[in-house]
Amino acid sequence: MPGPASPKADFWHSVCQELKPLLAEEKYNTYIQPLEAQLSNGKLQLTAPNRFVRDWIKSNCLSLLRQACERSGAEAHVEVLDQPVPRRNPASSQAGTLPPLPGSRLMPQFTFDAFVTGPTNQVAYDAARHVARHRAYNPLLIYGGVGLGKTHLMHAVGHQLLVGLRQLRVAYVHSDTFINDYLSALRKVRASGTYGRSGSEALMEQFKHSYRSVDTLLLDDVQFLAGKESSQEQFYHTLNALLQDGRQIVLTCDKLPREVAGLETRVISRLGAGLMVNIEPPDLETRAAIVLAKAEAANAHCPGDVAMFIAKHIFSSVRELEGAYRTVEALSRFRGMPIDLPLAKQALKSHVASVARRITLEEIQKLVANYFQIRPSDLRSASRKRAIVRPRQIAMALAREHTDLSLPDIGESFGGRDHTTVINAVRRIQELRETDHNLDQQYKSLASILAQ
């Protein structure tokens, strides 16, 4: 049997328990959980995994930490350090002729200046900016649903790095491209007839050298590697080689790597060694700001009421939001009319008609599932994953507020749960809305859509 926890461990655990209700769940997981604590002579020394976490703690959490220490029974001086990360001089690339960069070019429109921030993407934006400025930790993984800006931030990192050091070799690669490049190398081995060890290694070395000679690797959609064992093995060794040489890696995934079926444990572990940040669907105000930014980029005038109208009816992704604006803009151009609210309603009438409905439980479940990029059946399942539990609680709270159904009826529609589960879910969401600004904005955004 394991021995009792040390007093130091008990103290830090107590401090964490004091902090947890005061921070949004994502911020607690991102900034507090990775800290390593040492208590000695009245000094609480916290070691952060990187400068980004250290700087956030110093700017946002020191007073909360001190208060939590006092409530845990000790007055402790709090000091926050970060672990040094090896750096590499770009001039130290492998000798000889470097191979062409793998992948495709950076998209010129995907810059930090063109990215509209809000409560649901601010942490990811800050982390990406920090990487671009300091190359201070590795790897950075940005995860979230389709069309929320993950790829935009990845390209923005690349652009910012090249502004400071034009000689850097920055490669943007989609996971499909990595897989195809690896399979192409294998086909060359087979076609050449060099089945001996030295011949095969020489051909595969070309593939390895192409990826391992980059200074920064931007790899999109890691989830596409799932189930492809040999490609994952090459990916794992490529990550190791780059990280050991202090080169920057930025990746995206549609969910947390541990939730991707078919990703190997060692790959998941390697991806989790850096910082993982989430992007969620934008709230109402951010969606309106995105529409206005899109209009400005097109040198068009979009009134605020039009931007808000589009934002209220398009909520699943930034990509769909931009598509809706382009529809309005196109109708304006075709008719030679300025963009105004009647024209926007005409352009989007089919979508508006689909949400102008009597609110039902099924529609609430579909809306919430679409918003959080999960399936409606997940809300009715027995899953206890964080990515499912919170949307389920939000859906229950919305059902309680926007329908006349009884608590038992609501519980039954969520997988046969009893009325006490619904009560607890409603109460939990009410409590979180008072302390978690992001969740409060999500709830208001969903409620505003239902109210249309």
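Any value given below was found using the heavy atoms of this structure, including those in side chains, with hydrogens, waters and symmetry copies removed.
For the pair R266 and Y236, the distance from NZ or CZ to the six-membered ring centre is under 6.0 Å and the angle to the ring normal is within 45 degrees.
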Please output the side-chain donor-acceptor pairs of residues 255-263 that fall under 3.5 Å, not counting sequence neighbours, one pair per line with the distance.
none

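Under the 30°/60° scheme for interplanar angles, the aromatic rings of Y172 and H155 are found to be tilted.
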Open item on the list: For D378 and R375: C-alpha separation, side-chain torsions, deciding distance, then whether salt bridge (charged side-chain N to carboxylate O under 4.0 Å, His left out) applies.
Closed with: CA-CA 5 Å; D378 291 331; R375 298 168 299 180; 3.0 Å; yes

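A donor and an acceptor atom, one from each side chain of Q430 and R427, are nowhere located under 3.5 Å apart. With hydrogens and angles left out, the side-chain atoms of R380 and Q365 include a donor and acceptor closer than 3.5 Å. A donor-acceptor pair shorter than 3.5 Å can be found between the side chains of Y443 and E401. Between the side chains of E363 and T360, a donor-acceptor pair is found at a separation under 3.5 Å.
With ring centers used as reference points, F112 lies under 6.0 Å from Y125. Aromatic ring centres of Y211 and F178: separated by under 6.0 Å.
The side chain to side chain contact (heavy atoms under 4.5 Å, CB included) check on D418 picks up T420, T421, with sequence neighbours excluded.
Considering D221, N180, T151, D220 as possible partners of H174, the one that fulfils the side-chain hydrogen bond (donor to acceptor under 3.5 Å, both in side chains) test is D221.
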